[in-house]
Amino acid sequence: MDKLPIIKKIASIAINSPDSVAIEGVESSLSYKDLVVLIEQYSEYIAQSESNSFSIDLDNGPEWAVLDLALLNTNKVNIPIPKFFSSSQVQHLLSDGGVQIVFTNTPNKFNGTIDRSFDLCGQKIYQVSLKNNLAKYPIDTIKVTYTSGTTGEPKGVCLDSLAMTNTVNSVIQRSGVNSFDRHFSALPMTTLLENIAGLYATLTCGATAIIHPQESIGISGATGIDPCKFIQSMDKSCPTTTILIPQMLDVMVSMVEINKEYLNSMKFIAVGGAPISEQILIKAKTIGLRVFEGYGLSEATSVVTVNGPELNKIGTVGKPLDHIDIKIADDGEIFVRGSIFKGYLKEGLSLVDKDGYLPTGDIGFIDKDGFLIIQGRKKNIFITSFGRNVSPEWVECELTAQAGILQVAVFGESRPWNSAIILSSPGADIEKAVQQANKSLPDYAKISSWILTDEPFSLLNNQLTGTARLKRDVIESYYKKDIEDIYKSEKEVVQ
């Protein structure tokens, strides 16, 4: 069968550097020669199947990578199952995506038939066949990634090989990653960002992908982090690159501040997925961490802009990748063209305009040097009773940059002042932290009142998405009475 560009590149590396380590797992490692042999072996097996849609339901590890690459090599549709999805979200993914076969190590949680099992990279994998009708995918679809989103059921984002290849090539060029690098997978492999900018970018330039199960590196679910275990397991692997979400970067900065010997091998730390405070980035730079903020969305094959060693400007999310075009609408909304998805499963490409640009739902602007600055989500902007527009992400970044504030959600629609729901660390002086954050904000954006909560925003309580974005409607609904009481009591005091 004809190999796709990503697979061709991996095969070429296997010829020139057969003994170089491609994937380093906990129980097993694979050289490039070993990896190509396994890709070919499982490609032949998958190609013989009459089924056309497959899901991988496994934790991070070499076995996940082998099956993913084998599916990529066969042109079968691959629909990975995020480990942090709820059971109802998984069921929606399976039925909506028309998944016919699942590769899993926990077959009993699927209502299907176990056809066979095999040992791969030290793990016992089961093939479970499901009785689903095959979905109608846009032409050339090779991967469908389901994003948890902020509201409603997950949507299937359909991608083709060309879009993924273009993104991989541009990421390699911007980051400067090469065959001497060691990439540590901190995010789940089911996250499109880790899958493409982590696994594919690493392997197509001959570097080593360090892929360990999430729990073994101190990660539970999508938001639980054991700081010591996380940093120590990463440091022990001597990586040079990694991709993080903001909460992981916060942990990293805190741990390196305590022990300056941690992560001296790092040369490229990408961070994205949610807004991040400029103060955290400055602090990271001060302690020697080379952090580069980026921006993207699944519909644009994950990465749209990113800073790099040669093009870096703190306070921005970088310049567009080489294959990406960006335009800003009159209302500030960001439109993207280049490596755009094939459409949502069952919905098509109705959002793309006549010139091929996709509205992102984010607002921002391009500065005089060509760097993109994100101001927030268009739908999240609220208008105070004094008619001022406020982007809550902006205020939240200033708050979480303060000592003691772990998480925060800001509200103020049609209100005379803004309030916040805050998760604090034990013993934190929140009054002082809020006042410090307010110093950098104009009057209309300052926080005048807040509610402390002991419960984090998380996937478990449905207040956070899998990419660490706040589900604002859910949070506001849950704390509705507390918020109303704040404004009521403050109003009574004023009167």
Side-chain angles (χ1 to χ4, degrees), residues 82-93 146-155 187-188 190-191 193 214 219-226 244-251 271-277 297-298 361-362 376-382 390-402 404-413 415 418-426 428 430 433-434 437 447 449-487:
K83 279 293 184 181
F84 53 80
F85 265 22
S86 66
S87 57
S88 61
Q89 288 178 318
V90 171
Q91 288 306 311
H92 171 73
L93 177 154
Y146 275 81
T147 56
S148 53
T150 54
T151 59
E153 292 181 323
K155 283 187 175 182
L187 303 178
T190 51
T191 303
L193 177 59
Q214 292 275 278
I219 305 297
S220 58
T223 56
I225 305 174
D226 180 329
L244 308 176
I245 56 175
Q247 287 126 313
M248 289 177 172
L249 180 62
D250 286 346
V251 168
V271 62
I276 185 166
S277 167
L297 59 160
S298 297
D362 294 307
R377 291 289 291 169
K378 183 177 178 179
K379 68 178 182 180
N380 291 340
I381 290 178
F382 59 78
V390 178
S391 172
E393 292 95 339
W394 166 39
V395 183
E396 289 156 3
C397 278
E398 295 301 326
L399 287 165
T400 53
Q402 308 305 318
I405 298 182
L406 304 178
Q407 289 180 309
V408 60
V410 170
F411 301 96
E413 175 67 35
R415 304 288 191 176
N418 306 321
S419 61
I421 312 296
I422 295 174
L423 176 72
S424 66
S425 56
I430 298 304
V434 171
I447 296 298
S449 52
W450 61 89
I451 301 162
L452 290 179
T453 175
D454 294 327
E455 182 181 30
F457 306 136
S458 69
L459 289 168
L460 294 177
N461 58 25
N462 196 37
Q463 293 174 2
L464 209 64
T465 72
T467 54
R469 291 183 182 270
L470 299 175
K471 291 189 174 182
R472 298 180 186 277
D473 292 345
V474 176
I475 295 170
E476 187 173 22
S477 176
Y478 185 83
Y479 291 100
K480 183 177 181 180
K481 185 179 184 304
D482 296 304
I483 294 172
E484 293 292 340
D485 287 346
I486 278 180
Y487 288 104

Kindly check if the number of other-residue, nucleotide or ligand heavy atoms within 6.0 Å of CZ (Phe382) is above 12?
yes
Between Lys379 and Glu413, is there a side-chain N and carboxylate O pair less than 4.0 Å apart?
no
Can you name the nearest heavy-atom pair linking Tyr487 to Gly412, along with the distance?
OH-CA, 4.1 Å
Do Ile381 and Val390 touch side chain to side chain, with heavy atoms closer than 4.5 Å?
no
Does a side-chain heavy-atom distance below 4.5 Å link Tyr478 with Gln463?
yes
Looking only at non-hydrogen atoms, find the nearest pair between Asn461 and Val474 and report the distance.
O-CG1, 4.3 Å
Please tell me if the side chains of His92 and Pro154 come closer than 4.5 Å, counting only heavy atoms from C-beta onward.
yes
Using the rule given for side-chain contact (heavy atoms from CB on, under 4.5 Å), can you reason through Arg472 versus Ile475, listing the C-alpha separation, both sets of side-chain angles and the distance that settles it, and then say yes or no?
CA-CA 5 Å; Arg472 298 180 186 277; Ile475 295 170; 5.7 Å; no
May I have the step-by-step check of side-chain contact (heavy atoms from CB on, under 4.5 Å) for Val434 and Leu399, ending in yes or no?
CA-CA 7 Å; Val434 171; Leu399 287 165; 4.2 Å; yes
Test your reading of the model: is there a side-chain donor-acceptor pair from Gln402 to the backbone of Glu398, 3.5 Å cut-off?
yes
Are the side chains of Phe457 and Val408 in touch, meaning some heavy atoms are under 4.5 Å apart?
no
Do Leu249 and Ile276 touch side chain to side chain, with heavy atoms closer than 4.5 Å?
yes
Which atom of Lys83 lies closest to which atom of Thr190, heavy atoms considered
N-OG1, 4.3 Å
Say whether, by atom type as modelled, one donor and one acceptor occur between the side chain of Thr400 and the main chain of Glu396 under 3.5 angstrom.
yes
Without hydrogens or angle criteria, can the side chains of Tyr479 and Thr453 be said to hold a donor-acceptor pair below 3.5 Å?
yes
Just how far is it from atom CD1 of Ile451 to atom CG of Asp485, taken to the nearest 0.5 Å?
8.0 Å
Check whether any side-chain heavy atom of Ile245 lies under 4.5 Å from a side-chain heavy atom of Met248, and answer yes or no.
yes
Is any side-chain heavy atom of Phe411 less than 4.5 Å from a side-chain heavy atom of Ile483?
yes
Given side-chain contact (heavy atoms from CB on, under 4.5 Å), test Leu423 with Glu455 step by step and report yes or no.
CA-CA 7 Å; Leu423 176 72; Glu455 182 181 30; over 6 Å; no
Answer yes when Lys378 and Glu393 have at least one side-chain N-carboxylate O distance shorter than 4.0 Å, and no when they do not.
no
Can you see which heavy atom on Gln407 is nearest to which on Leu464, and at what distance?
NE2-CD2, 4.3 Å
To the closest 0.5 Å, what do you measure between CH2 (Trp450) and OG (Ser419)?
11.5 Å
